[in-house]
Amino acid sequence: MSRTRIEELASWIDGYIRAWNSNDPDDIASLFTVDAEYRTEPFADPVEGRDAIVAYWLANSDEPGRTTFAWTPVVVTSNVAVVEGTTDYRDDPPRTYSNLWVLRLDGSGRCTSFTEWWMQHPTEI
């Protein structure tokens, strides 16, 4: 894995977390190319285009500051990155999800394609 590509990926994920916690349209838009595709599930129809992604994100936003996200790279190449993550929601009741993200970044560090797989952890009884 190229250190430069991992740093670029880390910068993008930092921006994603910032957007997740701010729900600021400019923070969200800065992550994606004009013609990006965004999938919250692997077989879902993509949300197509930066403006549509921003609108979708805001219509389905989480309360800022209610989540934490920890991640580690699985594969990082010049064309694609696969990230394994854990999302903790500090809601009542709290929830935890395992995530697998597949994303493609262009030469400027913006995402052209994002697909997420997620699975909720079992709740304690």
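All values derive from a computational prediction rather than experimental measurement. Residue numbers start at 1 and run along the sequence shown.
- Counting only heavy atoms from C-beta outward, the side chains of Thr86 and Asn99 never approach each other to under 4.5 Å.
- Between atom CH2 of residue Trp101 and atom CZ of residue Phe114 there is a gap of 5.0 Å, rounded to the nearest 0.5 Å.
- For residues 100-110, no pair satisfies salt bridge (Lys or Arg N to Asp or Glu O under 4.0 Å), with sequence neighbours left out.
- Residue pairs that meet the side-chain hydrogen bond (donor to acceptor under 3.5 Å, both in side chains) test with at least one member in residues 40-59, sequence neighbours left out, are Asn23-Trp57.
- With sequence neighbours excluded, no residue forms a salt bridge (charged side-chain N to carboxylate O under 4.0 Å, His left out) with Glu116.
- Residues Cys111 and Ala36 share a closest heavy-atom pair of O-CB, 3.4 Å.
- Scored by the ring-ring contact (aromatic ring centres under 6.0 Å, His included) test, Trp117 finds no partners at all (sequence neighbours excluded).
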- Message: Walk me through whether Gln120 and Thr96 qualify under side chain to side chain contact (heavy atoms under 4.5 Å, CB included).
- Response: CA-CA 6 Å; Gln120 186 171 359; Thr96 301; over 6 Å; no
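- Minimum interatomic distance between Pro73 and Leu9 (heavy atoms only, all atoms of both residues): CB-CD2, 4.3 Å.
- Scanning both residues, Leu31 and Gly15, for their nearest heavy atoms gives CD2-C, 3.6 Å.
- With contacts defined as side-chain heavy-atom distances shorter than 4.5 Å, the pair Val80/Val102 qualifies.
- Partners of Ile17 by side-chain contact (heavy atoms from CB on, under 4.5 Å), not counting sequence neighbours, listed by chain and number: Ile13, Asn21, Phe69.
- The side-chain contact (heavy atoms from CB on, under 4.5 Å) check on Pro94 picks up nothing, with sequence neighbours excluded.
- Here the shortest heavy-atom pairing between Ser22 and Asp27 reads OG-OD2, 2.7 Å.
- Below 30°, between 30° and 60°, or above 60°: for Tyr16 and Trp12 the angle between ring planes is between 30° and 60°, a tilted geometry.
- Closest heavy-atom contact between Pro46 and Arg39: CG-NH2, 3.5 Å.
- To the nearest 0.5 Å, atoms CD1 (Ile53) and CZ (Phe32) are separated by 5.0 Å.
- Annotation: ring pair (Phe, Tyr, Trp, His ring centres under 6.0 Å) contacts involving residues 73-96, sequence neighbours excluded, comprise Tyr89-Tyr97.
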- Item | Candidate pair Val74 and Val83, rule side chain to side chain contact (heavy atoms under 4.5 Å, CB included), full reasoning | CA-CA 5 Å; Val74 176; Val83 172; over 6 Å; no
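- For Ser30, there are no side-chain contact (heavy atoms from CB on, under 4.5 Å) partners at least two apart in sequence or on another chain.
- Sequence neighbours left out, the pairs with a member in residues 64-76 that pass side-chain hydrogen bond (donor to acceptor under 3.5 Å, both in side chains) are Arg66-Asp91.
- By the salt bridge (charged side-chain N to carboxylate O under 4.0 Å, His left out) test, Arg18 pairs with no residue at all, sequence neighbours left out.
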- Task: Could you please spell out the steps behind the side chain to side chain contact (heavy atoms under 4.5 Å, CB included) verdict for Thr87 and Trp20?
- Result: CA-CA 12 Å; Thr87 306; Trp20 198 348; 3.5 Å; yes
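- Between Thr112 and Leu105 the shortest side-chain heavy-atom distance does not fall below 4.5 Å.
- Under the rule for a side-chain hydrogen bond (donor to acceptor under 3.5 Å, both in side chains), the partners of Asp35 that lie at least two apart in sequence or sit in another chain are Thr33.
- Under a 3.5 Å cut-off, the side chain of Arg5 and the backbone N or O of Val76 do not form any donor-acceptor pair.
- Residues satisfying the side-chain contact (heavy atoms from CB on, under 4.5 Å) criterion with Ser98, sequence neighbours excluded, are His121.
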